[in-house]
Amino acid sequence: MSIIIKKTDDIRPSEITSKSVYLQRREFIKKMGLTATALLGGAHLSLAEAKAYPELVKSKFSTADKLTSLNDVTGYNNFYEFGTGKYDPAKHAKSFNPKPWSIAVEGEVEKPGVFDLEDFIKPYALEERIYRFRCVEGWSMVIPWVGFPLADMIKRFKPTSKAKYVEFVTLYDKEKMPGQAIKVLPWPYTEGLRMDEAMNPLTLMAVGLYGDELPNQNGAPVRLVVPWKYGFKNIKSIVKIRFTETEPVSTWHKIGASEYGFYANVNPQVDHPRWSQKTERRIGEPFWSPKIKTQMFNGYAEQVAHLYTGMDLEKLF
Ligand code: MTE
């Protein structure tokens, strides 16, 4: 077989793939789960092109831990808006359509507003950041996120001197998120960070994972990722970001203040009232593998321990 490489000006307009055909192919490939190269031949469309974010800046904050498979990252989730079981979100979030999407920025900022997602994320260079992710329930994963530092976004909206905290709110829409019809949590899901935590370079606004758009079950189209905190701080499908003078009350804290503190820092020395936090089970590893020792601040102490100097972490857990 001979492969003829054509100069661009040798290619007739009829040979150029239109955007709509390209997008249809992309959808098709995704559905079929085939590699683009196998299906169409590398000359027209490579697998890298089929991903939403083929070119990403690699972050210096990435861990070298073995990645959790895409199957596990997208198949074993907590997202109560789509059911309380671990396999519910993958099943029930399938028909959720996160487009169009807008985000309101309000409270103690000089430049509040409501923004389309595209305008909201346009100014930032997206990075790939491989972070450890530790759930308060004792399991963990290693996830290659796509995102940008929350700090960059905060600077753009110019918080006033009164802004001491940032509150995040998930979409509240029972039609789109059927789990909200049941009062298992006080909806909408809400979370918060202290301003210095929000400004820490590790804190990420994620818009994707594994080089592609954020799957619905992982919090499409935009979520928070704070790798030194327990998973529940990582609020999904954000529609509102509010700067406040007082500490926001987060959802899990509201329903169980003695079990879920505002800070929620990963800390093997402070047990959950009902179980130990000393070890964790890495999702995807064989069930006979020994449990992993949980690290202080999930292994990110060097970057964040200074934020908590002088605080009693047994009380402010
Ligand atoms: N955000 C919303 N809106 N609703 C939720 O139920 N669950 C939290 C967090 N963010 C949750 C949420 C919990 S408990 C965890 S452990 C993580 O999302 C899970 O993220 P993942 O499914 O992408 O692993």
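As the structure lists them, so they are numbered: ligands from 1, and atoms in each ligand from 1. In this text the structure is predicted, and so the values were computed from the model without any measurement.
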Decide whether Tyr230 and Trp252 meet the rule of one side-chain donor and one side-chain acceptor closer than 3.5 Å.
no
List the protein residues in contact with ligand 1, where contact means a heavy-atom separation under 4.0 angstrom.
Asn77, Asn78, Phe79, Tyr80, Glu81, Phe133, Cys135, Thr170, Tyr189, Asn218, Arg223, Gly231, Phe232, Asn234, Ile235, Lys236
Tell me, yes or no, whether the heavy-atom count around Lys254 atom NZ, taken from other residues, nucleotides or ligands under 6.0 Å, exceeds 12.
yes
Check the angle between the aromatic planes of Tyr131 and Tyr300 and answer parallel, tilted or perpendicular using the 30° and 60° thresholds.
perpendicular
Through direct or indirect side-chain contacts below 4.5 angstrom among Ile, Leu, Val, Met, Phe, Trp and Tyr, which residues connect to Phe287?
Trp288
Qualifying residues under side chain to side chain contact (heavy atoms under 4.5 Å, CB included), relative to Ala198, sequence neighbours excluded
Leu150, Ile154, Val166, Leu193
If you link ILVMFWY side chains whenever their heavy atoms are less than 4.5 Å apart, which other residues fall into the same cluster as Val270? By chain and number, please.
Phe317
